[in-house]
A.B. asks: 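Below: one structure in structure tokens.
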Amino acid sequence: MSRALVLNAGSATLKFGLYEAADCRLRGEVERIGDAPALRLVSGDLDTDGFAPADSGHAGVAEALLDWLGNHFDLEGLAGVGHRVVHGGTRLTEPVRLDADRLAYLESLEPLAPLHQPQSLAIIRDLMARHPSLPQVACFDTAFHRTQPRVRQLFALPRHLANEGVLRYGFHGLSYAHVARQLPAVVGEAAARGRVVVAHLGQGCSLCALENGRSVATSMGFTALDGMMMGSRCGRLDPGVVLYLQQQRGMSVAEVERLLYRDSGLLGVSGISADMRDLLASPSPHAEEAVALFVDRLLEEIGASVALLGGLDALVFTGGIGEHAAEIRARTLNALGWLGIHLDAPANARHALRIDGKKGPAVAVVPTDEEGEMARGTLACLDTR
């Protein structure tokens with residue numbers, strides 16, 4: 001049976017899964033990368049004491065993870081390693097086996113996803129150097145959205161910029177692909193193939209409008225800054241604010257980048273935390289203001305998606321906040337009565353798969369599984385099923 005390892009690199013984390021065909025043998029996460037990396041298992045009962053990275057960077061952590069896995073599993077038969085790569089640009093629209101040319105192309109896209117692309121590519125480069133015979137496969141967050149009509153990929157900028165690749169790409173595609181695959185079993189075939197809005201809400205947040213299970217619009221654009229307010233990212237912003245910060249406040253490009261990616265969102269508005277759990281538990285009025293702004297922005301994005309779809313058959317919540325913050329779901333759904341949505345409050349409180357009152361559009365909570373989607377894409381790419 002074919003075996004694949006998948007690595008999902010975040011800004012300070014590395015999620016991983018070991019799969020045999022569609023079956024997950026082991027799943028876990030390395031936290032606090034760059035500081036004091038610590039291995040935590042989500043499934044599997046193994047001793048983590050032997051995990052000892054030589055350095056705290058992403059590449060060193062990935063190599064230590066391979067060593068640790070090799071102590072517990074026979075990795076000689078590993079078909080390959082699948083990597084979540086946030087940006088595939090216009091050229092790469094499905095999982096691909098990596099070589100020097102494709103790696104160089106992905107490196108050229110690093111400025112478009114600075115929180116994730118460099119970390120993923122650092123791991124890939126290190127593993128390619130240390131294990132040259134082990135296939136490395138890239139699975140892209142942008143690929144799912146390439147089905148969108150061209151008009152929804154365009155900005156209102158001079159045409160030559162679009163021809164040079166300044167387009168709306170969209171992200172969180174691995175999450176949306178998994179949700180679309182699971183949705184018929186949750187809401188029924190008719191609703192799942194109809195007009196669906198999926199809200200991926202976590203440290204990064206975006207929405208995707210689906211028709212017949214395919215992406216037709218999404219809230220993120222050229223970079224992962226656009227659209228929804230997020231944990232530490234600002235979301236949609238008047239471009240004039242950036243001009244003001246640089247021209248009138250004298251901020252450098254690097255300072256503005258840090259402000260927009262790392263110091264804004266829930267963290268910036270609250271001044272307390274980028275974690276929704278902390279804000280919902282806080283008595284601070286600044287925390288409540290951040291939560292209220294988050295819900296308000298979510299309502300705007302849902303409304304925009306419904307308008308583009310021409311109606312709504314199902315609304316889906318996924319991601320860390322979407323799956324676990326019942327209060328955020330309740331605040332949002334209570335404001336969407338105009339769509340005919342009826343909230344089942346007890347079902348919402350227990351995070352049930354269906355939280356609607358069985359009238360009007362279906363409302364579902366579908367756990368995301370980016371690693372499972374990556375394993376599927378990796379094995380299909382290597383044709384080892």
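Reckoned from all heavy atoms, side chains included, excluding hydrogens, waters and symmetry mates.
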A.B. asks: Is it the case that atom CD in E289 sees more than 12 heavy atoms from other parts of the structure closer than 6.0 Å?
C.D. replies: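 No, the 6.0 Å shell around CD holds no more than 12 heavy atoms from other groups.
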A.B. asks: For the residue pair H172 and F144, is the inter-centroid distance of their aromatic rings smaller than 6.0 Å?
C.D. replies: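 No.
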A.B. asks: Return yes if a side-chain donor-acceptor contact under 3.5 Å exists between Q136 and H83, otherwise no.
C.D. replies: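 Yes, H83 and Q136 have a side-chain donor paired with an acceptor closer than 3.5 Å.
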A.B. asks: Is it true that the side chains of Q148 and R214 contain a donor and an acceptor less than 3.5 Å apart?
C.D. replies: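 Result is no, nothing qualifies.
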A.B. asks: Locate the shortest heavy-atom distance separating M128 from L103; write the atom from each residue and the value.
C.D. replies: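 Here M128 and L103 meet closest at SD-CD2, 4.0 Å.
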A.B. asks: Would a 4.5 Å heavy-atom cut-off, applied to side chains only, mark L315 and F317 as touching?
C.D. replies: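 The answer is yes; the side chains approach within 4.5 Å.
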A.B. asks: Validate the cation-pi geometry between R91 and Y105: distance from NZ or CZ to the six-membered ring centre under 6.0 Å, angle to the ring axis within 45°.
C.D. replies: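 Yes, R91 and Y105 form such a contact.
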A.B. asks: Mark yes or no for whether E323, through its side chain, and G319, through its backbone, hold a donor-acceptor pair below 3.5 Å.
C.D. replies: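 Yes; at least one donor-acceptor contact below 3.5 Å.
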A.B. asks: Indicate yes or no: at least one non-hydrogen side-chain atom of T90 is less than 4.5 angstrom from one of L167.
C.D. replies: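 In contact.
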A.B. asks: Please tell me if the side chains of L41 and L46 come closer than 4.5 Å, counting only heavy atoms from C-beta onward.
C.D. replies: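 A side-chain contact exists here, since the closest heavy-atom pair is under 4.5 Å.
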A.B. asks: Between R297 and E300, is the closest basic N to carboxylate O distance under 4.0 Å?
C.D. replies: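 Yes.
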A.B. asks: Between V81 and P135, is any pair of side-chain heavy atoms under 4.5 Å apart?
C.D. replies: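 Contact flag for V81/P135 side chains = no.
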A.B. asks: Can E107 and R102 be counted as an ion pair, charged N to O under 4.0 angstrom?
C.D. replies: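 Looking at E107 and R102, the cut-off is not met.
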A.B. asks: Output yes when E288 and R331 qualify as a salt bridge under the 4.0 Å nitrogen-oxygen rule, no when they do not.
C.D. replies: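 Yes.
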A.B. asks: Centres of the H145 and Y176 rings: under 6.0 Å?
C.D. replies: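 Yes: the rings meet the under 6.0 Å criterion.
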A.B. asks: I'd like to know whether the aromatic ring centres of H87 and F140 sit less than 6.0 Å apart in this structure.
C.D. replies: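 Here the rings of F140 and H87 have centres that are no less than 6.0 Å from each other.
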A.B. asks: Taking the side chain from D141 and the backbone from L174, do they hold a donor-acceptor pair closer than 3.5 Å?
C.D. replies: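 A pair under 3.5 Å: yes.
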A.B. asks: Below 4.0 angstrom, N of the basic side chain to O of the carboxylate: do D23 and R25 qualify?
C.D. replies: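 Judged by the 4.0 Å cut-off on N to carboxylate O distance, D23 and R25 do not form a salt bridge.
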